[in-house]
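Have a look at the structure below before the remarks.
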Amino acid sequence: MDFLFTSILDGLMLGFVYGLAAMGLTLIWGVMNVINLSHGPIISLGMFGVYLLFTFLGMNPYIALIFVALFGLLLGIVIYFVAVNRVIDAPHLSTLLATFAVAMIITGLGTAVFTASPRNVDYSLGSVTIGNATIPVTRIVAAVLSVLITAGLYLYLHRTRSGRYIRAVANNRSAAELMGVPSVRILALSFGIGTMLAALAGGLISTLFPFTILAGGTYELKSFVIGVLGGLGNPIGALFGGLILGVLEGIIPTFMPATWVPVLEFGLFVLILLVRPQGLFGAKKS
Amino acid sequence: MAILEIKDVTSGYGEVQILWGANLDIEDGRLTSLVGANGAGKTTLMRTIMGSIKPWQGSVIFQGQDISSLPAHAKAEMGVVLVPEGRQLFTDMSVEENLEMGASPKRARANVKQNLEFVYEMFPRLKERRAQKSGTMSGGEQQMLAVARGIMAEPVVLMIDELSLGLAPVLVLDLFQSLIRLKNAGLTMILVEQNVQMALAVSDYGYVLAQGQVEIAGPSQDLAENEHVRSAYLGH
Ligand SMILES: Nc1ncnc2c1ncn2[C@@H]1O[C@H](COP(=O)(O)OP(=O)(O)OP(=O)(O)O)[C@@H](O)[C@H]1O
Ligand SMILES: [Mg+2]
């Protein structure tokens, strides 16, 4: 029974981070119905951001996160104006291709500069033992920070003027425009926040596992599963979706080969889409 | 003096032209009604004034300033406010949040508290339901909210596209009474209405729109007595 406890605890910790990784994707979808295919590469950039600041400037990884977040925000705003804004009202295929192009550019440049060899952030805070489970403290910190960032996002969306504008634009863009809300600026800001969350998640993941410039892709795929679990367009639901996925990933390898994990995950993905397309925790209708 | 002038405005959707040179002068402090058959272009005219669709030709002059090419949010910021057809509420937000959204223009932010009190006093139903999600309210309540949200913007000109469509007679009376109150308070308004009789009864001046042009214009009382208007729009 002990090993199961360990796996669940482990999975829960990771699940918070997975949830954070999915949050940006689902926020952007919820606000502007755009599937951001550059999500994964931006997660990778977040990883490399922390890696570079830590390795070459000796910066504490958690301080580095602040810079990574700012970078993610600005990058997202730039991507929005360069690639997304002009096709925002076009059919989904156009925005899909536009963000896919951005993904190719980031991945191409990233591979050219960093190659595809694995890196890691060589940073440890030791570990703690709960029962028979030994957990690296970096995992606990990553989980706690993910929860705090989620709470921050919730408060931002519900307690500030620009957060309210984001929800209004998500709900009814032309009405928001009639109320005096400059909707294009709000869309750009939302896209920026979405990519900021992706970069932050990447930065946190870099303190847990080794990674390459292509690693973000894995988390992008997980984000789709999580988004569907939590209800696409519902950033807070993403946290719960992440927890479910994390726990599954913890438990499955204890009784079948780990290679089955993606099979079951995507099996679940298809199942949810078939039986409960609005996600387990409901979602906004679009 | 006209506070809002619409001069030879043409516009439409894609290739399809809907407005063919509309001319209207909206006088300060007056209630102007705009009536016309379904598909005459009333909503298109409202959207064109607002900037949701761009005028192809002609100009929209507000307080002497040409605002034809401004986007809708900039006009709302200046005090040109539209209560759109079909209400267009923020259905996922509460009643009060919708009202707060109405008060988004900078000019309206200082007096949010008083304005909230004002609209709650005008529509007590909204106060009772302030925490309810607006999308779950009845059609009539939603219409009240749409109008109240417009008032929250502290409009200089308030345009209402379909006040009474689909509402029970008692409620229609209520809404028209609110309109009269706003008018007596000095607010300039444009009212688009299916209920031509009511519209002409409460307004000072009226325009009849047909095929994207102004067909007849005049003091509302004259329009109400006009032979053509009576047979075409009042059914007698
Ligand atoms: N988004 C749109 N795209 C294309 N055509 C449109 C659009 N909206 C309206 N139209 C067309 O423009 C014409 C005028 O429509 P509009 O809504 O302005 O009329 P209206 O006078 O407001 O009618 P109603 O009294 O039914 O509200 C109609 O023929 C309509 O089909
Ligand atoms: Mg109409």
Side-chain angles (χ1 to χ4, degrees), chain A residues 26-33 81 85-86 88-91 153-190 230-238 278-279 281-286, chain B residues 14 43 46-47 49-54 70-94 96-109 112 133-136 142 145-146 148-156 158-161:
Chain A
T26 190
L27 177 77
I28 290 173
W29 168 260
V31 174
M32 60 196 93
N33 286 20
F81 281 115
N85 190 43
R86 63 198 77 205
I88 189 86
D89 292 318
L153 177 70
Y154 183 85
L155 289 178
Y156 170 72
L157 289 176
H158 289 268
R159 297 275 185 278
T160 68
R161 175 173 293 278
S162 57
R164 188 179 336 121
Y165 286 180
I166 289 178
R167 287 187 298 127
V169 167
N171 193 174
N172 190 332
R173 194 163 115 216
S174 54
E177 184 78 18
L178 289 180
M179 305 295 113
V181 175
S183 59
V184 173
R185 261 182 273 166
I186 294 299
L187 290 174
L189 176 67
S190 310
L232 262 178
N234 175 0
I236 310 304
Q278 75 275 31
F281 306 99
K284 87 181 203 37
K285 343 98 215 115
S286 43
Chain B
T43 298
M46 292 297 112
R47 290 187 185 139
I49 294 174
M50 203 58 212
S52 307
I53 50 181
K54 293 259 175 293
L70 293 183
H73 69 86
K75 288 179 181 151
E77 203 56 66
M78 300 174 85
V80 180
V81 174
L82 174 65
V83 176
E85 187 175 60
R87 301 175 195 123
Q88 306 290 330
L89 296 176
F90 300 109
T91 47
D92 292 340
M93 292 185 168
S94 70
E96 192 142 306
E97 276 187 308
N98 268 273
L99 294 171
E100 283 165 359
M101 278 307 299
S104 297
K106 288 192 190 69
R107 52 199 310 289
R109 287 184 203 168
V112 180
K133 251 194 195 178
S134 72
T136 65
Q142 292 195 15
L145 180 55
R149 189 180 61 173
I151 297 171
M152 290 299 293
E154 293 202 355
V156 177
L158 180 64
M159 308 188 281
I160 303 178
D161 194 352

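Keep in mind the model is a prediction, meaning the values are calculated, not measured. Chain letters run A, B, ... following the sequence lines, proteins first, then strands; residues in each count from 1.
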Looking only at B:Ser104, B:Gly102, B:Pro105, most heavy-atom pairs under 4.5 Å shared with chain A are made by B:Ser104
Region of A:Arg185 in contact with chain B, defined by heavy-atom distances below 4.5 Å: side chain
What residues of residues 158-166 of chain A sit under 4.5 Å from chain B when you count only heavy atoms? A:Arg161, A:Arg164, A:Tyr165
Quick one: which of B:Arg149, B:Met50, B:Gln88, B:Arg109 has the most heavy-atom pairs under 4.5 Å with chain A, could you say? B:Arg109
Let me know if B:Met101 has heavy atoms under 4.5 Å from chain A in its side chain, its backbone, both or neither. both
Pair B:Met152, A:Met179 - check side-chain contact (heavy atoms from CB on, under 4.5 Å), show working. CA-CA 10 Å; B:Met152 290 299 293; A:Met179 305 295 113; over 6 Å; no
Quick one: does A:Asn171's side chain have a donor or acceptor within less than 3.5 Å of a partner on B:Asp92's backbone? yes
Under 4.5 Å to a heavy atom of chain A? For B:Ser52 that would be side chain
Are any non-hydrogen side-chain atoms of B:His73 and A:Ser183 less than 4.5 angstrom apart? no
Neighbour count above 12 (heavy atom, 6.0 Å) for A:Tyr156 OH: yes
Looking at side-chain heavy atoms only, is the closest gap between B:Pro71 and A:Glu177 below 4.5 Å? yes
Approximate separation, where rounding is to 0.5 Å, of B:Met93 CE and A:Asn172 CG: 10.0 Å
Can you tell which part of B:Arg107 gets under 4.5 Å to a heavy atom of chain A, answering side chain, backbone, both or neither? neither
Heavy-atom closest pair, residues A:Leu178 and B:Pro84: CD1-CG, 3.6 Å
Which one wins on heavy-atom pair count under 4.5 Å against chain A: B:Glu77, B:Met78, B:Glu97, B:Lys106? B:Glu97
